[in-house]
2 protein chains.
Amino acid sequence: MKPTIYDVAKKAGVSIATVSKVVNNTGNISDRTRKKVMKVMQELEYQPSSLAAALTGKRTFTIGVLVPDIANPFFAEVARALENYARETGYAMILCSTDYQRKREQDYLELLMKKQVDGIIIATEPKDLSAFRKLQSRHIPFLMFSIDHLALPSHVVTTDDIRGGYLAGRYLLDKGHRRLAIIAELSRPSGRLRLEGFKQALSDQGIELESPFIIDAISKVEDAKLASQKLLHLPEKPTGVFATTDLIAVVFMNEARKLHVQVPGDISVIGFDNTIHAEIADPGLTTIAQPIDDLARYAVYKLLESIEKPEMPGHRIMLAPALVERQSVKDLKDQYS
Amino acid sequence: MKPTIYDVAKKAGVSIATVSKVVNNTGNISDRTRKKVMKVMQELEYQPSSLAAALTGKRTFTIGVLVPDIANPFFAEVARALENYARETGYAMILCSTDYQRKREQDYLELLMKKQVDGIIIATEPKDLSAFRKLQSRHIPFLMFSIDHLALPSHVVTTDDIRGGYLAGRYLLDKGHRRLAIIAELSRPSGRLRLEGFKQALSDQGIELESPFIIDAISKVEDAKLASQKLLHLPEKPTGVFATTDLIAVVFMNEARKLHVQVPGDISVIGFDNTIHAEIADPGLTTIAQPIDDLARYAVYKLLESIEKPEMPGHRIMLAPALVERQSVKDLKDQYS
DNA sequence: GAAATAAAGTTAAGCGCTTTACTTACTATT
DNA sequence: AATAGTAAGTAAAGCGCTTAACTTTATTTC
């Protein structure tokens with residue numbers, strides 16, 4: 001049987017209170033006693049039950065992480081980064097894929113509350129605001145990750161999507177591109193913001209993005225294919241395309257190749273997210289990198305902060321994305337390329 | 001404050017034992033009382049603390065999952081499938097990426113023990129057997145996923161890698177290929193088994209795989225590039241290549257293209273895992289699919305089974321992989337292709 | 001209608017820990 | 001040597017729940 005604090009106390013000839021103090025490094029314990037207790041703990045391979053500890057008002061040292069789908073490489077990387085920072089601070093992470101379903105979201109939030117997690121990181125667009133209000137009324141700290149939701153007074157840590165779109169646009173312009181198009185996930189806020197930033201960059205140069213050059217797509221292979229084909233069959237093809245996710249960008253490059261349209265020879269492509277897709281793609285995909293590691297660090301630290309001081313008002317932290325240059329964009333001003 | 005069982009009991013005018021019985025559907029409770037208690041629970045938004053329940057000897061309804069790296073698409077899909085089946089049975093999943101590091105593995109196992117998880121699924125090659133023996137002596141059920149370890153008497157659920165390699169080999173042979181090569185992850189058991197199966201298929205046809213055609217690689221972009229180049233610069237190039245992971249296969253295809261070697265025109269390629277890479281690749285990558293969903297289902301169910309009856313001896317379940325045909329292999333017997 | 005049986009509830013102990021309030025044993029101060 | 005002050009340790013209550021053992025109430029049986 002797993003040894004308990006009583007076993008340790010008995011074997012060491014002290015009270016359980018003393019053992020508890022040794023374990024938690026609190027109170028006054030002589031060096032002699034401390035050593036004796038530690039030795040016994042070693043011998044018994046004693047491990048305090050965090051369950052019991054949590055029941056007495058201590059933390060559970062567990063956080064919940066809600067993502068839409070962990071099988072999506074972007075969220076997999078997010079989860080990995082979050083996990084790293086959580087582990088560093090002694091926290092375990094319960095992973096929850098909501099699959100964009102309201103029911104799953106609700107179920108998971110309930111589960112997390114039952115388990116009394118210390119806090120929750122939400123990286124999925126909320127379907128059910130009332131569930132979140134319940135978190136609030138229960139004083140369970142939570143934080144929106146990469147999702148901005150004005151209705152919720154929680155902390156928010158997100159990439160500056162507008163800026164990302166702007167960067168993409170300006171980069172293409174800098175490379176001499178003027179006839180531009182975008183394939184954007186308009187069904188998602190981040191997609192719309194990226195579009196907005198992109199438009200902004202163009203209008204700063206007096207260029208307007210016309211609606212045939214704005215194509216809506218979901219970031220799934222099939223849908224991205226259709227969108228790509230639509231774009232590739234435009235009577236007047238753009239010279240530069242911004243896809244709001246790497247997956248869309250890579251699928252676009254494949255479709256282009258099938259039609260003997262060279263990338264970047266005939267059309268330049270820029271993606272978003274800097275996932276493994278961008279790295280593997282051929283040519284390497286120039287893309288806007290979300291600062292995933294920084295986002296994760298801020299997220300975990302902010303969450304722990306509001307676990308400690310629950311009354312803190314929610315901050316909104318927006319981190320700048322960065323351009324990662326690979327080979328998918330041609331410099332039109334460079335006649336040798 | 002979060003309401004407790006006492007709050008419910010008081011408001012409903014019954015004892016806490018009665019409330020407990022209503023919650024767990026045990027004992028004898030009249031319909032009238034049950035309804036009354038349920039109503040109060042609703043009003044108070046009462047949620048039983050699984051912490052407290054677990055402390056009284058019940059399950060924690062939490063399992064731990066150890067993977068090497070959740071950011072790796074294959075493990076991301078594994079995690080997703082496991083998560084689905086865990087959730088279905090009311091379990092939460094604590095995710096742990098060991099990063100192939102002994103220290104992290106140990107830390108996480110310790111964490112999971114402290115949290116008193118009901119069981120652990122291990123999808124990473126054990127670095128520290130003694131840690132696992134500790135699990136055994138503590139009677140914490142665990143299960144090896146997609147990893148076979150003879151020293152451990154636990155359940156094992158894995159893909160039949162030998163068979164997978166065999167399938168790959170036979171498929172290439174069926175398509176008329178005779179000069180074959182393999183890029184294999186020889187540092188990992190699964191890679192070695194896949195190689196073995198591949199060799200077997202060839203030797204069944206009286207063909208021997210010679211050592212220049214066996215190239216070792218780690219499943220990372222840089223290393224896969226080097227391995228691919230080595231293969232592509234062989235004086236006598238093979239007509240068919242088996243890469244033991246999709247990532248290697250895709251990188252190989254890219255390197256081939258750079259050298260103006262057509263896939264599948266000049267060289268056919270077959271991968272392993274059927275990850276998103278295979279789907280996105282152009283041409284679509286023919287690959288051996290691991291039955292991830294089935295593996296996950298078996299894994300979760302077997303684990304829960306041994307949580308219920310801890311004394312059951314460990315079974316070894318090996319599921320057959322399946323070939324997924326796309327466009328990366330040319331049929332040499334078909335002169336029109 | 002009394003005794004036996006079944007149904008519906010309750011009491012109280014215990015799960016493994018933390019923590020407050022308390023006791024005991026020293027050390028320092030005058 | 002008496003007093004105060006500090007250091008080291010303990011006793012016991014309580015966290016929110018489950019459950020065995022028990023009591024009370026209702027139902028059946030002859």
Open item on the list: Base, sugar-phosphate or nothing for V14(A)? Non-hydrogen atoms, less than 4.0 Å.
Closed with: sugar-phosphate
Open item on the list: If you compare every side-chain N and O of T33(A) against the phosphate oxygens of dG9(D) (OP1, OP2), does one of them come in below 4.0 Å?
Closed with: yes
- [ ] Remember a base hit wins even if backbone is also touched, and classify I16(B) as base, sugar-phosphate or nothing at under 4.0 Å, heavy atoms.
- [x] base
Task: Interatomic distance where CG belongs to L55(B) and C1' belongs to dC15(D) [whole Å] - done: 9 Å
TODO: In whole angstrom, give the distance that lies between atom CG of L44(A) and atom C1' of dG16(C).
DONE: 15 Å
- [ ] Report the distance from atom CG of N24(B) to atom P of dG16(D), rounded to the nearest whole Å.
- [x] 17 Å
TODO: Grab the CG-P distance between N25(A) and dC17(C) for me, whole Å please.
DONE: 17 Å
Task: Closest-nucleotide 5' rank along DNA chain D - winner of Y6(A) and G13(A) - done: G13(A)
- [ ] Pick base, sugar-phosphate or nothing for T18(A), based on heavy-atom distances below 4.0 Å to the nucleic acid.
- [x] base
Task: Of the listed nucleotides dC17(D), dG9(C), dT18(C), the one nearest the side chain of T56(A) - done: dT18(C)
TODO: Identify the heavy atoms of S130(A) and D128(A) that sit nearest to each other, and give their distance.
DONE: OG-OD1, 2.9 Å
Task: Side-chain donor/acceptor of D7(B) to backbone N/O of T4(B), under 3.5 Å - done: yes
Open item on the list: For N28(B) and A17(A), find the nucleotide of DNA chain C closest to each by heavy atoms; which residue's nucleotide sits nearer the 5' end?
Closed with: N28(B)
- [ ] Compare the minimum distances between each of dG9(C), dG16(D), dT19(D) and the side chain of S20(B), then state the nucleotide with the smallest one.
- [x] dT19(D)
- [ ] Show your working on side chain to side chain donor-acceptor pair (under 3.5 Å) between D148(A) and T158(A) and close with a plain yes or no.
- [x] CA-CA 7 Å; D148(A) 204 342; T158(A) 148; 5.8 Å; no
Task: Side-chain donor/acceptor of S146(A) to backbone N/O of A123(A), under 3.5 Å - done: no
Open item on the list: Whole angstroms only, please: what is the CD1-C1' distance between I5(A) and dG9(D)?
Closed with: 14 Å
Task: Integer-rounded Å distance: dG16(C) P and K115(B) NZ - done: 17 Å
TODO: Calculate the interatomic distance between L51(B) atom CG and dC17(D) atom P; express it in whole Å.
DONE: 10 Å
Task: Among K114(B), K115(B), Q116(B), the one residue meeting side chain to side chain donor-acceptor pair (under 3.5 Å) with S49(A) - done: Q116(B)
Task: Side chain of K21(A) - closest among dC17(C), dT10(D), dT18(D) - done: dT10(D)
TODO: Determine: side-chain N/O of T4(B) to OP1/OP2 of dG16(D), distance under 4.0 Å, yes or no.
DONE: no
Open item on the list: Of the options dG16(D), dG9(C), dT19(C), whose atoms approach the side-chain atoms of K58(A) most closely?
Closed with: dT19(C)
- [ ] Report yes if at least one side-chain N or O of S30(B) is closer than 4.0 Å to OP1 or OP2 of dG9(C); otherwise report no.
- [x] yes
Task: Interatomic distance where CG belongs to D7(A) and C1' belongs to dC15(C) [whole Å] - done: 13 Å
